[in-house]
K.L.:
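One structure follows; several queries about it will come next.
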Amino acid sequence: MKRVIVLGTGGTIAGSGGLPGANVGYTAGTIPVSDLLTGITGPADLVLEGEQVAQLDSKDMELETWLQLRARCVHWLAQADVAGVVITHGTDTIEETAFFLASTVATSKPIVLTCAMRPATALSPDGPQNLRDALSVAADPAAAGVVVVCAGEIHGARHVSKSHPYRLNAFSSGDIGPLGYVEEGQVRLVHGWPSLLKAEPTLDPEIWSAGADWPRVEILMSHAGASGMLLDLLADQREAGVENAVEGVVIAATGNGSLHQVVEAAAQRAKQRGVAVLIASRCGSGKVLRPDTRGIEDAADLNAPKARIALMLALLCQSRGTHL
Ligand code: SIN
């Protein structure tokens, strides 16, 4: 007998309310994970166990919840009879949670995040099928790594992003496409499973506890009519020693990582004043290929929210003299 642990964090999949049967105007994160599991059967011989880690609208996701989630994943995946973990999550930041876990949990077992675009009280909710599909992936003996399952598609944590505010198949992995599909409980893989973190990050154990001192990284955007003023203000705060001032900034850049000239000048000033600056393309797909970096690194194929996580982790490692 294998177990799959379903960790609940809220989201539309656990949402209810609004007009009877409506798809919008509900409250996310109201239904306990134990109720989401009622009537859901996984593949044969699979024992399902639910655990509530959080109950929130994922737009309000915070580092503390990521750390709790990470701790529960590490705990459960270490048990020999646990085949994998499923996480029920809101769609809005699921890609960030997936990338955080993919960057910080070393396991050969699957961590499968799933979600819904319609609340549980909709006329035709999509959550139960997505949850059922996620269980099929978690129970697949070949499955490994952190993936997002939604609308019958399996996406890897690195490339997945929410690309539609309403449609049931709201996720895209850009040029890469889905890693595979779930059809009638069967996994059909078209790419390999995502690569795994080779070893547990060698950061001090206290870093993984809620309330630990993580660097603050903000995201700004380069756009027509930009002023660079916010970047200067953030660098001013850092120089003035303001509590919790930023250590890093990700700039969602135009096209192939280009910056408005005033943003570029502000970015160079910020760097000189000790703020780490990382560029991510705001295109939503593809990989930045800059022949001339002008001394400012880019995040390759990571979007800005994931580049923010990568920069937080890099700064953390830098300050502790270690690496991921
Ligand atoms: C959320 O992200 O928690 C709300 C939206 C959703 O799950 O679709």
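Indexing begins at 1, ligand by ligand and atom by atom, following the structure's order. Only this structure's heavy atoms are used, side chains among them; waters, hydrogens and symmetry mates stay out.
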K.L.:
Answer yes when Glu206 and Arg320 have at least one side-chain N-carboxylate O distance shorter than 4.0 Å, and no when they do not.
P.N.:
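Yes, Glu206 and Arg320 are salt-bridged.
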K.L.:
Looking at ligand 1, does any of its N/O atoms fall within less than 3.5 Å of an N/O of Tyr26?
P.N.:
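Between Tyr26 and ligand 1, no N or O pair is found under 3.5 Å apart.
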K.L.:
Report the residues that fulfil ring-ring contact (aromatic ring centres under 6.0 Å, His included) with Trp66, sequence neighbours left out, ordered by chain and then residue number.
P.N.:
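Result, ring-ring contact (aromatic ring centres under 6.0 Å, His included) vs Trp66: Phe100.
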K.L.:
Among all protein heavy atoms, pick the one closest to atom 5 (C) of ligand 1 and tell me residue, atom and distance.
P.N.:
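The closest one turns out to be Thr12 OG1, 3.1 Å.
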K.L.:
If you take all heavy atoms of Arg238 and Ala245, which pair is closest and at what distance?
P.N.:
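Here Arg238 and Ala245 meet closest at CA-CB, 3.7 Å.
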K.L.:
Could an N or O of ligand 1 be found under 3.5 Å from any N or O of Asp57, whether backbone or side chain?
P.N.:
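Yes, Asp57 has an N/O under 3.5 Å of an N/O on ligand 1.
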K.L.:
Look at atom 8 (O) of ligand 1 and say which protein heavy atom is nearest, naming residue and atom and giving the distance to 0.1 Å.
P.N.:
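Of the protein heavy atoms, Thr91 OG1, 2.4 Å lies nearest.
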K.L.:
Is it true that Arg3 and Glu49 have a side-chain N and a carboxylate O under 4.0 angstrom from each other?
P.N.:
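Salt bridge flag = yes for Glu49 with Arg3.
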K.L.:
Mind checking whether Ala116 contacts ligand 1 via backbone (N, CA, C, O), side chain (CB onward), both or neither, at a 4.0 Å heavy-atom cut-off?
P.N.:
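The answer is the backbone.
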K.L.:
Backbone or side chain, does any N or O of Ser58 fall under 3.5 Å from an N or O of ligand 1?
P.N.:
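Among all N and O atoms of Ser58, at least one is under 3.5 Å from an N or O of ligand 1.
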K.L.:
With a 4.0 Å cut-off on N to O distance, would you call Asp81 and Lys2 a salt bridge?
P.N.:
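Judged by the 4.0 Å cut-off on N to carboxylate O distance, Asp81 and Lys2 do not form a salt bridge.
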